[in-house]
Each structure stands twice: as C-alpha cells, then as structure tokens.
Amino acid sequence: MALLVQKYGGTSVANAECMRNVAQRIARTRSEGHQVVVVVSAMGDTTDDLIALAKQVNPDPDPREMDMLLATGEQVSIAILTMALHHIGVPAISFTGPQAGIFAESVHLKGRIIDVRPKRIVEALRHGKVVIVAGFQGLDEQEDIVTLGRGGSDMTAVALAWALKADRCQFFKDVRGVFTADPRIVPEARKLDEISYDEMLELASMGAAVLQSRAVEFAKQYGVPLEVLSSFEDEPGTIVREEVKAMEHVVVRGVAADRNQAKITILKVPDRPGIAATIFDAIARANVNVDMIVLNVRSQGQLADLSFTVPEGDLKVALKAVQSVVPEVSSEGVIYDTNIAKVSIVGVGMRSHSGIAARMFSALAKAGIDIHMISTSEIKISVVIPKEKADEAVRVLHREFRLDRPVTTVRTRVVRRRSRS
Ligand code: ADP
Ligand code: ASP
Ligand code: MG
C-alpha cells in the first residue's frame with residue numbers, strides 16, 4: 001500500500017463530466033489498495049474569470065480581497081469532486097487549505113508555504129477516507145487567506161506530499177507528461193520519460209507552464225519524487241528526479257517560451273558605485289523578481305542605460321518602485337516594453353558540451369529573429385526576442401537541436417569545461 005498525493009489541474013476538472021472522470025480514477029487508485037490525498041485547482045478558467053470580474057468593479061483591487069475571491073475557485077472544486085466520489089460509493093472528505101493545515105507567509109497573491117500541519121488529513125486517512133484538498137491557498141498569521149501564486153496548487157501538492165511523507169506526488173494533466181516543448185506549439189515535441197529536478201526547474205521558471213517552478217524547487221530541496229501524467233489516458237508519464245550521470249548525454253532537454261515578461265529600461269544612469277544597489281533594492285522591497293539585467297554603456301562612457309526584465313504581472317508595481325528612486329538615479333526617466341518574449345533552451349548536458357550558444361544564436365539569426373538580451377546559467381541559455389516571434393523561435397530551436405528524435409545527436413565537441421560559447 002502506498003500513500004499517493006494526486007493533483008488535478010483546472011483542465012482536468014473543467015466540468016461535471018471531467019469531475020466524474022477524476023472521481024473514477026481516484027476510486028481505481030483506492031481499490032488498488034492505496035491511500036489517496038487529492039489536491040485540486042479551480043475548474044477550467046475560473047481563476048482567470050474571477051480576476052476579470054474583480055477588474056470590472058475595481059481596476060486595482062486590494063490584494064487581500066483578491067485572495068478572498070480567488071480562493072473560492074478551489075473551494076467549489078473540492079466540494080464537487082467529493083460529491084462525485086460519494087456518488088460512486090467512495091468515502092471522502094474535503095478540506096480548504098487552512099483546514100488542511102497549510103500555513104503561508106503573509107504576502108497576498110504570492111504567499112509561500114511556511115508550515116504544514118496535516119492533522120485532519122492524517123485522521124481522515126486513518127478512517128479510510130480519500131481526502132480532497134483545495135490547492136493554491138493557505139492561512140497567514142493574521143488568519144487571513146493567502147493564495148500561493150498562479151499555478152500554486154502544484155505547490156500545495158508537493159508540500160503535502162512532503163509533510164505526509166507520501167510515496168509519490170502525481171500531477172494529472174491534459175498532456176501525457178513533460179515534453180521537449182509545449183506540444184500545442186510544436187506538434188512533433190516528444191514526451192520525456194524522465195527529467196532532472198534542475199532541468200524541470202529551469203523549464204518551469206522559463207515559461208513551461210506544465211509545473212509551477214516554486215513547487216519543483218521545493219520538491220528538489222526535499223527530494224519529493226514527482227510524476228507528470230495524463231488525466232485522460234492510462235500511459236506512463238514523466239518522472240522528475242535527481243540527476244544521474246547518463247542525463248548529461250543529452251545537451252538540450254527542452255525549449256520553453258515565456259510571453260508574460262516586460263522589459264524596463266532606466267535611461268542615462270550615471271556610472272557610479274551604489275546606483276544599481278539603490279534601484280534593485282527598491283524593486284526587491286516591492287517583492288518583484290528581476291531576471292535578466294543588461295547595462296548598455298553610452299559612447300560618452302559616463303552614462304549607461306539599465307534594462308531588466310520582470311514578470312508582466314509585476315510591471316505596475318516594479319515601475320512604481322523604480323519611479324520612487326528615479327530622481328536619484330536618472331535624468332531621463334524610465335521606459336518599458338511588454339512586446340517581448342523570453343525563449344530558453346535547457347539541458348544538464350550543456351555543462352560538458354561547447355558551442356551550444358553559438359548554435360542557438362545562428363539558428364535564430366538564420367530565421368531572421370532579432371535577439372535583444374541574453375542570459376545564461378550553467379544549464380540554460382535564454383534570449384529576449386520580439387513577442388510575435390516566440391512560437392517560431394521555439395520551433396526553430398526544437399529543430400536545430402533535433403529534439404523530435406529520441407536521443408539528441410551530439411554534433412558538438414565534448415569538452416570538460418563550463419564555457420558554452
Ligand atoms: P494544469 O491544468 O494541471 O494546471 P497546466 O495548464 O498548468 O496544467 O499545464 C499543462 C499545459 O502546459 C499543457 O496543456 C501544455 O500546453 C503546457 N506546456 C507548456 N510547456 C510544456 C511542456 N514542455 N510539456 C508539457 N506541457 C507543456
Ligand atoms: N487556480 C489557480 C490558478 O489558475 C491555481 C492553480 O490552478 O494551480 O493559477
Ligand atoms: Mg497549472
């Protein structure tokens with residue numbers, strides 16, 4: 001007998017028929033002798049619809065009230081799914097995040113889980129029940145509801161799997177697993193049998209919506225085994241796990257695109273120690289994550305334009321933070337651009353193969369795609385390009401690195417060094 005945490009996302013519980021399908025799957029797992037804790041998202045596009053509804057009455061809603069609203073989506077799902085289970089004779093009980101003992105720090109709309117005390121879940125399991133938990137929500141120290149960032153039900157599932165010492169945390173999706181690229185954009189994308197935590201983390205942070213990056217980070221830190229699989233078919237999915245040596249043979253594991261980015265540029269920043277600290281300190285205090293940073297020194301040498309990217313949803317807050325220090329750091333002010341996308345290639349094999357960046361840039365150049373910014377990590381290369389070119393760039397790179405084939409053909413020289421240029 002295993003203890004399984006199963007997470008079903010919005011698409012998998014989009015309507016009554018989907019709910020009945022999920023209930024059947026849970027019943028099958030239970031009849032195989034397993035204990036099951038289920039985490040569900042809001043049905044279909046409910047969260048987006050609730051956000052749109054809020055904006056109709058207030059263009060800038062209070063984050064606390066937004067959390068009150070958004071948490072209702074998951075609460076509908078848990079009740080409906082539990083009712084569907086009861087109907088087919090499966091004993092089950094639903095819990096909200098707070099009832100399930102999920103505690104989060106008090107940052108509305110982006111709370112981080114700080115503790116899990118799953119007393120009621122353990123008790124219900126002991127009574128032979130299936131437990132259905134609302135994803136995406138926790139309780140802060142003021143006893144207010146906090147949501148855990150978009151895609152946050154994944155975080156709930158991983159945290160519960162960790163707290164309950166579950167044997168596995170399974171994510172049921174409308175795709176059969178993690179693919180070499182979004183199969184909606186690249187039809188020839190291939191399902192991966194396995195992927196390392198680090199690769200999954202980079203892909204997720206770089207826009208592959210298949211798993212929330214925070215959830216993967218947590219799973220890696222605590223060694224929670226993850227599996228991504230289809231909620232509609234009975235096929236093996238993708239295992240996300242600790243890296244093994246053989247994984248380095250594949251140079252590029254996948255390609256991801258993030259279309260929800262914005263570029264902020266502060267013009268004519270003086271070249272003086274402490275300026276960057278002033279700017280990024282203000283942004284950090286606004287709880288915004290900055291990704292790529294580029295400093296373009298002007299020809300005179302004394303002044304530079306400082307550009308960086310932020311998630312598009314944080315643009316307003318980031319601009320406000322930047323404006324607050326602009327009088328100190330710039331004479332010309334700030335401009336921004338939301339017409340950008342970030343496209344990335346990811347693979348642990350990049351550590352030991354050279355020439356990858358050159359190959360990426362020349363493939364994009366051949367396709368006439370302009371690169372505005374570049375950043376790299378040990379296992380990733382990202383470029384900022386015009387948003388309308390994002391899909392094409394993903395397809396070009398998927399082809400260039402032959403990701404449609406079971407094993408990537410390594411044409412580059414194998415060298416034991418870190419540089420990839
Ligand atoms: P959920 O309904 O569980 O929240 P999501 O919609 O967040 O699921 O994630 C599944 C979607 O992620 C798929 O429909 C797919 O289009 C998209 N996706 C993006 N990149 C990938 C990838 N590399 N592999 C699989 N799916 C991907
Ligand atoms: N319903 C939330 C969202 O759409 C959380 C989730 O689905 O994971 O982001
Ligand atoms: Mg999701």
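Count residues from 1 along the sequence. Whatever order the structure lists them in is the order used to number ligands and atoms, beginning at 1.
- Within the 4.0 Å heavy-atom criterion, both parts of Val210, backbone and side chain, lie near ligand 1.
- Using a non-hydrogen distance threshold of 4.0 Å, Ser41 does not register as a contact of ligand 1.
- Atom CD of Glu143 sits in a sparse spot, with 12 or fewer heavy atoms from other residues, nucleotides or ligands closer than 6.0 Å.
- Taking 4.0 Å as the cut-off, Gly151 counts as a neighbour of ligand 2 on heavy-atom distance.
- Looking at Gln212, Gln137, Arg150 and measuring to atom 9 (O) of ligand 2, the nearest heavy atom belongs to Arg150.
- Not a single heavy atom of Gln212 sits closer than 4.0 Å to an atom of ligand 1.
- Counting heavy atoms from C-beta outward, Leu397 and Met360 have side chains that approach closer than 4.5 Å.
- The side chain to side chain donor-acceptor pair (under 3.5 Å) pairs that include a residue from residues 112-122 are Asp115-Arg117, where partners are two or more places apart or lie in different chains.
- At least one heavy atom of Gly177 sits under 4.0 Å from some atom of ligand 1.
- Distances shorter than 4.0 angstrom occur between a heavy atom of Glu74 and an atom of ligand 2.
- For Ile293, the side-chain contact (heavy atoms from CB on, under 4.5 Å) partners two or more places apart in sequence, or in a different chain, are Phe280, Val290, Leu306, Phe308.
- The nearest pair of heavy atoms linking Ala181 to Ala189 is O-CB, 3.5 Å.
- Of the protein's non-hydrogen atoms, the one nearest atom 6 (O) of ligand 1 is Thr11 OG1, 4.4 Å.
- For the ligand labelled ligand 2, residue Gly152 lies inside the 4.0 Å heavy-atom shell.
- Contact check on Arg259 versus Asp391 returns a salt bridge, with a Lys/Arg side-chain nitrogen under 4.0 Å from an Asp/Glu carboxylate oxygen.
- For Gly10, the heavy-atom gap to ligand 1 drops under 4.0 angstrom.
- In this structure, Ser12 does not count as a contact residue of ligand 1, since none of its heavy atoms falls inside 4.0 Å of the ligand.
- Heavy-atom proximity to Ser41, at under 4.0 Å, picks out these atoms of ligand 2: 6 (C), 7 (O), 8 (O).
- Looking at Asp45, its side chain never comes within 3.5 Å of a backbone N or O of Asp49 through a donor-acceptor pair.
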